[in-house]
Amino acid sequence: MIEHITPLVLGGIEIHPHSGPIRQRYQAFGGSSELRMASGRGHKQTNWRKTSTSISATGHLDPALESLDYSRPLELLCVAPRWVGGAVLVYELPAASKRRPDVEPWAIARVGAQWLDTSLVLDGDLATVAAIPGARAYRVGWLPRLMVFTDGPVTDTDDARELIDWSMEAREV
């Protein structure tokens with residue numbers, strides 16, 4: 001598992017820990033519509049699907065992202081992991097271009113009530129997890145790399161507490 005703090009990076013600018021611990025949320029958007037047949041039965045039609053993310057933190061420093069050109073797509077190296085899992089040992093991951101290049105995918109296995117680190121072998125986008133005796137479930141995690149549109153952070157300074165709250169919305173290109 002990730003045991004050190006991996007920084008959020010937007011447009012090549014690393015957000016320093018003094019800008020606060022990052023909270024990140026993912027949500028799918030667009031390209032889907034729910035249709036109803038004459039019988040009332042639902043049918044979902046999906047043409048495309050993208051990811052939006054909300055990022056926020058409270059710290060002593062502004063994230064210092066004012067030099068970025070928000071009129072064009074920016075690379076976002078995320079800090080919140082995404083997961084695939086089940087009882088099998090082989091998992092298809094998103095393309096390498098959709099994963100952070102500086103953090104390798106990792107694997108965990110559930111033995112009893114505990115999740116234990118285990119190794120994995122990556123062959124392209126196929127992750128094969130090393131079996132652990134007694135394991136009932138496995139998970140493979142990775143950190144996403146997204147190309148996004150964003151208007152940048154919204155900041156709120158609280159002089160009384162000497163803190164800066166900041167947040168940002170971004171949508172996958």
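Taken to the nearest 0.5 Å, the OH atom of Y70 stands 6.5 Å off from the OG1 atom of T150. Interatomic distance, OG1 of T128 versus OH of Y91, reported as 10.5 Å (0.5 Å rounding). To the nearest 0.5 angstrom, L122 atom CG is 6.5 Å from E104 atom CD.
Atom CG of D158 is surrounded by more than 12 heavy atoms from other residues, nucleotides or ligands within 6.0 Å. Dense packing is recorded around CG of N47, with more than 12 heavy atoms of other residues, nucleotides or ligands lying under 6.0 Å away. Applying the 6.0 Å contact sphere to CZ of R23 captures more than 12 heavy atoms from other residues, nucleotides or ligands. The 12-atom threshold is exceeded at CZ of R36, counting heavy atoms of other residues, nucleotides or ligands nearer than 6.0 Å.
C78 places none of its side-chain heavy atoms less than 4.5 Å from the side chain of I55. Side-chain atoms of I15 and L65, non-hydrogen and from C-beta on, do get closer than 4.5 Å to each other. Proximity of E92 to L126: side-chain heavy atoms (C-beta onward) are separated by under 4.5 Å at one or more points. V148 has its side chain within reach of L10: a pair of non-hydrogen atoms, C-beta onward, lies under 4.5 Å apart.
Cation-pi geometry between R82 and Y26 is met: the NZ or CZ atom falls under 6.0 Å from the ring centre, inside 45° of the normal.
A distance-only check finds a donor-acceptor pair linking the side chain of Q24 to the backbone of A80 [under 3.5 Å].
Contact between E172 and F29 at its shortest, heavy atoms only, is O-CZ, 4.0 Å. W166 and S19 make their closest contact through NE1-O, 2.9 Å (heavy atoms, listed as atom of the first residue, atom of the second, distance).
In this structure E169 satisfies the salt bridge (Lys or Arg N to Asp or Glu O under 4.0 Å) test with no other residue, sequence neighbours excluded.
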